[in-house]
Amino acid sequence: MVKSDKEIKKWFKSEASKSPKKYYATSVLEERGFERKKCKHCGIFFWTVNAEQDHCGDASCAGGFTLFENNPCTKPMSYIETWKEFAKMFSKKGYAVVPRYPVVARWNPTMDFTIASIAAFQPYVVSGEVEPPAKQLVIPQFCLRFGDVNNVGVTMSHMTGFVMIGQHMFMPPEEWDQNRAFADIVDWLTEGLGLPYEEITFHEDAWAGGGNFGPCMEYFSRGVELGNQVYMMFEQDDNAKNGFKGLSLKVLDMGMGHERNAWFSQGKGTIYDATFPTVIAKLKERTGVVSDEETMERYIPYAAFLNLDEIEDIDDAWKRVAKTVGIPAAELRKKIGPMSALYSIAEHARSLLFALADGGLPGNVGGGYNLRVIFRRAQSFIERFGWDIDMADVAAWHAEYLKPLFPELLASIGDVKKVLAVEKRKHEENRKRASQTIANLLKKGVPDTETLIRLYDEQGIAPEQVKSEAKKLDIKVTVPDNFYSLVAERHEQAEVKTQTRRAAKLPLDDVPKTTILYYDAWDYVDFEAPIAKVLDGNLVVLERTAFYPTSGGQEHDEGELDGVKVVDVFKQDGVIVHKLAKKVDWKPGTMVHGKIDIDRRQQLAQHHTTAHIINGAARRVLGNHVWQAGAAKTLEKGRLDITHYDTLTADELHRIEEEANRIVQQNIPVKKVVEPKSLAEAEYGFRLYQGGAVPGKEIRVVSIPGFDTEACGGTHLNTTGEAGLIRILRSTKVQDGVIRIEYVAGDAARKLVEEKKGALEELMGHLSVKEAALIPAAAERVFATWKQARKLAKKGEEIDWNALENAELEPYKGRDPIAEAAKRLSTQPEYILNTLAKFEKEIARMKK
Ligand SMILES: [Zn+2]
Ligand SMILES: [Zn+2]
């Protein structure tokens, strides 16, 4: 029977405490003079060198934090130094020092943002599917967690963004050395932070997650938890003795807060002062806020009691803290308020800097939603105090300070500033508009969930704002707890439409995965293959096939198998199924001849390779924040959804089209390789995952060298030149932060250009002008003639037809004379001729 993680943790903790020698590095502790004891308050087993210590050292058992009274660290370190010292020490011990992974977790299908150092290696490294970058490594991993956003700036120790220093090992059982892993981290505490043994307490504990579990050792000093070393060693297994067995890959997961270590080592101020001192100094200077040092010093040790997670009544908590500090609650809040706001602004700007530099965008769904929340929280402080602070400046100050650790932040600051400027504009527009919209809405009654979702999706009005405006009018609006998942679900549904969906699974377990023949050349369209299985007389599975099944937003191929029409192709768990137009009596083992409709295949390949080309071109023109957000390729056209913070101007669209056609003209070979995931990631980075995370040990990489590289299974051209010509049809905003670009390539583009050319010639002929550039003015002249003549006729005055009809024409300098002419006639391009004919008929009538 499978137990829940919580049950496993409880059971294993008691199991491990019965034989600590087996599960913890007790010999290392004993060598160094530590003794095992049981906490008299909470009953946990702990290790200390202090003969008289009878509690486990946790804040609640030790009676609070005592970090500020003669700080036990003998080596105060700045934030930057803390990581440099750690990396130096562990590099000497044989650990690889690995650069941080992006905080936007593109490789991980289970999370939007990286939430822990081990998350960089989940799920595929930890599961053993993908090789780790090194068997033992340390990493300064920036993480985002938004659960405590309301505590930031209040408790003086909470953050939404932080660096988790990771110490990790990925070892087969025979190389696993828990004693060494533990001794190494003890060295950090004593030699790195300079803590004497008397100041450190270790806790025996257990960890469980996703069916895996193991022991862990937490370490405390002065009531502060400094870190936790987890040993992922076992998995549940009903067939094994005791119900569990050892993992074939043992994983060390030590994570500790970089900020907390730096703060602890400095032993004063808030975690924010310790972590970004230059930014706090600049903010104080800019706003003229002076911190009341005396009150702050008395407040900080008790600020932790204001943790919203742990208290029921926030007013009551303030009263209690105020009493300890020795000033009335209202006065304390007033005194702390401005600094609390400055700390929040600084903290949120730092989280936004990392997220945006790594390609995240504020929005209304998924991870983007939380980025918007922290931006608006910071902005609301700026507005409340009337400060002259720009979040983009604050982000730039952080990038400057962090340059020795993360130089990539400064390199992206231009893009980050642009995104923040647009976000600020949206925020201001939204604030003005929202209250009016909500007032109108409430007049109509209490909005239901559906209305709230629509309001949020279409206008970016948060349900919380509706709720609070409604409260003023004594109207109760209910917002479901899962509101944002409901919104997210809706967007997910929109994306899967292009997949061929089957109601029931076909019985294909006895058939091996189909060997794919469409990976290499798009024009390999004639092949022989043995039949593996036939279902219902018309569903045929072959041992290998060149037929492309609907997937990755690309439509399936059509063609024939032994002369019988193939009308659909789809994939189920790696098995490709061909649906025939009629039933056949074919037997497994016999050979069939497959022939694919090459025109359709070519057009689909052109549209797919063009999606990659436009993606790369958009990145060049708009910036590095551009990611694919969705795509579909049909015979008629392709569409690519990209992440971008604003709508596209005509000029931007034109530049993207130009850049795309430049790549076509360069006729670059399109490289298609199936390779181990770890290799591909090392070579190309996580930009690979444009279409989302990809499972499996190996992935197919499609690259236009020097321009664009993506993990992709589609059919692609052999060179970019084979796309022929690319024309962008239009761009539209799909949702906040996502822009759809529709385009055609190859024959479809040529047809469009010819149609356009035909239309131009037709209009030039109709308007009797020799240049296309004169079309808009000539069209406008017809309209003006009609208007003027009608006016004169009404007044009964004489009409000078010659002057009106031969008025000088100003050539149009823009790119699309037809669109311009349509604009000037207030009509659609396809109705220009009709509209002109209407005016001309009227003019002819008046002349008579
Ligand atoms: Zn205790
Ligand atoms: Zn693709």
Side-chain angles (χ1 to χ4, degrees), residues 98-115 118-127 129-133 139 141-144 354-361 363 365-368 408 412 488 491-492 495-496 498-499 519 551-554 608-609 611-619 622-633 640-644 670-705 707-714 716 737-738:
V98 173
R100 74 177 180 98
Y101 280 45
V103 72
V104 181
R106 307 274 179 188
W107 65 91
N108 190 325
T110 63
M111 53 186 80
D112 290 315
F113 295 115
T114 311
I115 56 165
I118 192 69
F121 310 103
Q122 281 170 326
Y124 304 121
V125 171
V126 172
S127 70
E129 232 177 281
V130 170
E131 288 290 311
I139 183 171
Q141 181 57 47
F142 192 81
C143 303
L144 281 170
F354 275 92
L356 304 186
D358 288 356
L361 281 180
V365 288
E408 69 277 14
S412 308
H491 287 283
E492 277 158 22
E495 288 309 311
V496 292
T498 51
Q499 301 272 341
Y519 273 171
S551 53
Q554 181 184 331
H608 198 148
T609 301
H612 291 217
I613 295 175
I614 290 184
N615 196 12
R619 209 160 43 234
L622 303 172
N624 259 325
H625 58 278
V626 168
W627 281 78
Q628 177 180 313
K633 305 98 192 176
L640 177 74
D641 295 348
I642 56 165
T643 56
H644 183 56
V670 180
K671 256 173 60 187
K672 294 152 262 182
V673 198
V674 177
E675 60 182 316
K677 201 183 238 168
S678 50
L679 256 174
E681 284 179 1
E683 191 173 353
Y684 304 110
F686 301 107
R687 282 251 164 238
L688 273 176
Y689 301 124
Q690 291 288 329
V694 188
K697 213 180 170 74
E698 297 200 312
I699 52 175
R700 178 167 177 258
V701 176
V702 176
S703 87
I704 302 164
F707 185 68
D708 178 83
T709 304
E710 305 180 18
C712 175
H716 281 276
V738 179

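- Remark: the backbone N or O of Val674 is not paired with any side-chain donor or acceptor of Arg700 at under 3.5 angstrom.
- Of all non-hydrogen atoms in Pro99 and Ile139, the two that sit nearest each other are O-CD1, 3.6 Å.
- No side-chain heavy atom of Ile642 sits under 4.5 Å from any side-chain heavy atom of Trp627.
- Side chain of Gln141 to backbone of Tyr101: a donor-acceptor contact under 3.5 angstrom is found.
- Between Val104 and Gly359, the shortest heavy-atom contact is CG2-C, 4.3 Å.
- Scanning all heavy atoms of the two residues, the minimum distance from His608 to Cys712 falls at NE2-SG, 3.3 Å.
- Relative orientation of the Trp107 and Phe686 rings is tilted, given thresholds of 30° and 60° on the angle between their planes.
- Atom CD in Glu698 sits 9.5 Å away from atom OG in Ser678 (nearest 0.5 Å).
- Using a 30° and 60° split on the angle between ring planes, Phe354 and Phe142 fall in the parallel class, below 30°.
- The side-chain contact (heavy atoms from CB on, under 4.5 Å) test with Tyr124 singles out one residue from Lys677, Glu681, Glu131, and that residue is Lys677.
- Rounding to the nearest 0.5 Å gives a distance of 8.0 Å between CD1 of Ile704 and NE2 of His716.
- Proximity of Arg687 to Asn624: side-chain heavy atoms (C-beta onward) are separated by under 4.5 Å at one or more points.
- For Lys672, the side chain to side chain donor-acceptor pair (under 3.5 Å) partners at least two apart in sequence or on another chain are Asn718.
- Here Gln628 pairs with nothing under the side chain to side chain donor-acceptor pair (under 3.5 Å) rule; sequence neighbours left out.
- A donor-acceptor pair shorter than 3.5 Å can be found between the side chains of Asn615 and Glu710.
- No side-chain heavy atom of Asp708 sits less than 4.5 Å from a side-chain heavy atom of Ile613.
- Atoms CG and CG, from Leu361 and Leu356 in turn, are 7.0 Å apart once rounded to the nearest 0.5 Å.
- Here the closest heavy-atom approach between residue Thr114 and residue Ala119 is recorded as CG2-CB, 4.0 Å.
- Of the inter-residue distances, the one linking Ile118 atom CD1 with Cys143 atom SG reads 11.0 Å to the nearest 0.5 angstrom.
- Here the closest heavy-atom approach between residue Gly367 and residue Asp112 is recorded as N-OD2, 3.2 Å.
- The minimum heavy-atom distance between His625 and Thr643, with the atom names listed, is O-OG1, 2.9 Å.
- Residues satisfying the salt bridge (charged side-chain N to carboxylate O under 4.0 Å, His left out) criterion with Arg100, sequence neighbours excluded, are Asp358, Glu408.
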